[in-house]
Amino acid sequence: MTTLVTQAVVDESEDAARRERFPIGARVEFDDLLEAGKERVLDELRAREPVSWVPALGGWLVTGRDPARALLAPRADITVESEQNLVRRSLGLMMLTSDADEHRRLRRPFEAPFKPRAVHELFADTVRREAGSLIDTFVAEGRCELGGSFAAPFAVRMAGRMLGLSLGDSASIERIYNAFAEAMVYDGDTEGRQLKAESARATLDTLLHSELARCRRDPSDSITSRVALEHEGLSDEEIVAQLRVIMFGAIETIQASTMNTLLLLLQHPAQFQEVKEDPGLLIGAVAEAIRLIPPVAFVERWTRDEIELSGVRIPAREFVGVSVLAANRDPSTFSSPLSYDVHRPNASQALSFAFGVHTCLGVHLARLETQVAVEELIARLPSLALGDHDLPGGFAFRRPASMTLTWSTA
Ligand code: HEM
């Protein structure tokens, strides 16, 4: 039975002492972590206080890449098993909210199909087909809002395909996952959003249980059929909980990686031209986009025991967040970190897929989906140009809220 850590309450005098010791962190406002265009606040924090007390977050914030990696590395004094974990409150108990043996038990049955070779064998054709058939629906129009017309429905359809699930209409799945994503914001104002997430979870669970039953009645070679029949020590509730997080992991993130990569390419015409001439460069273009605008911008952990990180002592039972966005712009690892460079040799050293035992299960599939989606869009939409668009923002998940593309239909 898992014992959840209850986050310690920091009293006023301790908070005041910490504000004095970490003046830059004390000045950070929650909007600095959420809104587009405020990334330089994080750059200042990383330069002066790479591990800092940030009252606006109600916890510590790690912005340096080295301490972030040290925090995420496998270690017994750091946990995701906390009462206050908003991912757990929305998505329940599953691999991403479990530590150690329990985490291994829940993740292992799903690992084989997500290894690099398996991903290419199982999914490469499907990804290209799904991307192509969506583009068919709007190619004649000469313009689209990329998120609504392509990136979101592509991510939902692929999530269903990879698991072998019939998810029905992709807009209702998107609504469910938006409710989860909105409930993962640590701004101290979570109750209403959590209620919406709980109701979304109930709707999704009904669908997933009935799909599990269908896979048992009428099995295919899908991931869900295999796990449903072989069980591998998991109860139905546990299988459904893992399907929930695997799907969640694959929706908002893929929407973001597709939009962010195209945004950056279109903002850098010379590099866009290079990629058009040599689609092999898309591997670097996608890795670099995922570094500079990480779809998952924030990762949460709690201390089980007191730890020391970059010379800062953090007591037991405290909230420690990693700003993936800040760590990925750390000049000690990435030269000219604020520029987009499809040739950057070490873009994959970014922490965008985390590090340690919770490293993204779908990392290879994510790269494949994004590369193929962007390649198909570029190939099918001539004279592609960027229309009205928002700058990428968001606390936990980062992308432009909306982004218009135009192309020639002549
Ligand atoms: C560009 C797209 C993606 C990004 C940036 C991304 C990022 C991440 C990150 C940062 C984590 C770790 C979170 C933490 O440690 O707290 C994670 C975990 C996870 N991701 Fe992804 N992800 C992406 C796509 C996918 C896809 C396509 C799948 C589908 C298989 C997926 C499934 C998962 C799962 C199941 C976990 C939990 C792993 C565990 O706890 O052991 N992700 N992802």
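Please read all numbers here as calculations on a predicted model, not as lab measurements. Whatever order the structure lists them in is the order used to number ligands and atoms, beginning at 1.
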Side-chain touch Glu237/His209, heavy atoms, less than 4.5 angstrom: yes
Tell me, which protein residue and heavy-atom name are nearest atom 13 (C) of ligand 1, and how many Å apart are they? Leu96 CD1, 3.7 Å
Please confirm whether Arg291 makes a cation-pi placement over Phe334, using NZ or CZ under 6.0 Å from the six-membered ring centre and within 45° of the ring normal. yes
What about Phe248 and Phe397, are their ring centers closer than 6.0 Å? yes
Near atom 21 (Fe) of ligand 1, which protein N/O/S atoms fall under 2.8 Å? Cys360 SG
Residue of the set Thr126, Val127, Val374 for which side-chain contact (heavy atoms from CB on, under 4.5 Å) holds with Glu369: Val127
Nearest neighbour in protein (non-hydrogen) for atom 5 (C) of ligand 1: Ser352 O, 3.6 Å
Sub-4.0 Å heavy-atom contact, Met162 with ligand 1: yes
Tell me, which protein residue and heavy-atom name are nearest atom 38 (C) of ligand 1, and how many Å apart are they? Arg107 NH1, 3.4 Å
Is there a heavy atom of Met158 sitting under 4.0 angstrom from any atom of ligand 1? no
So, is Thr370 polar-close to ligand 1, with some N/O to N/O distance under 3.5 Å? no
Measuring from non-hydrogen atoms of Arg301 to any atom of ligand 1, is the shortest distance under 4.0 Å? yes
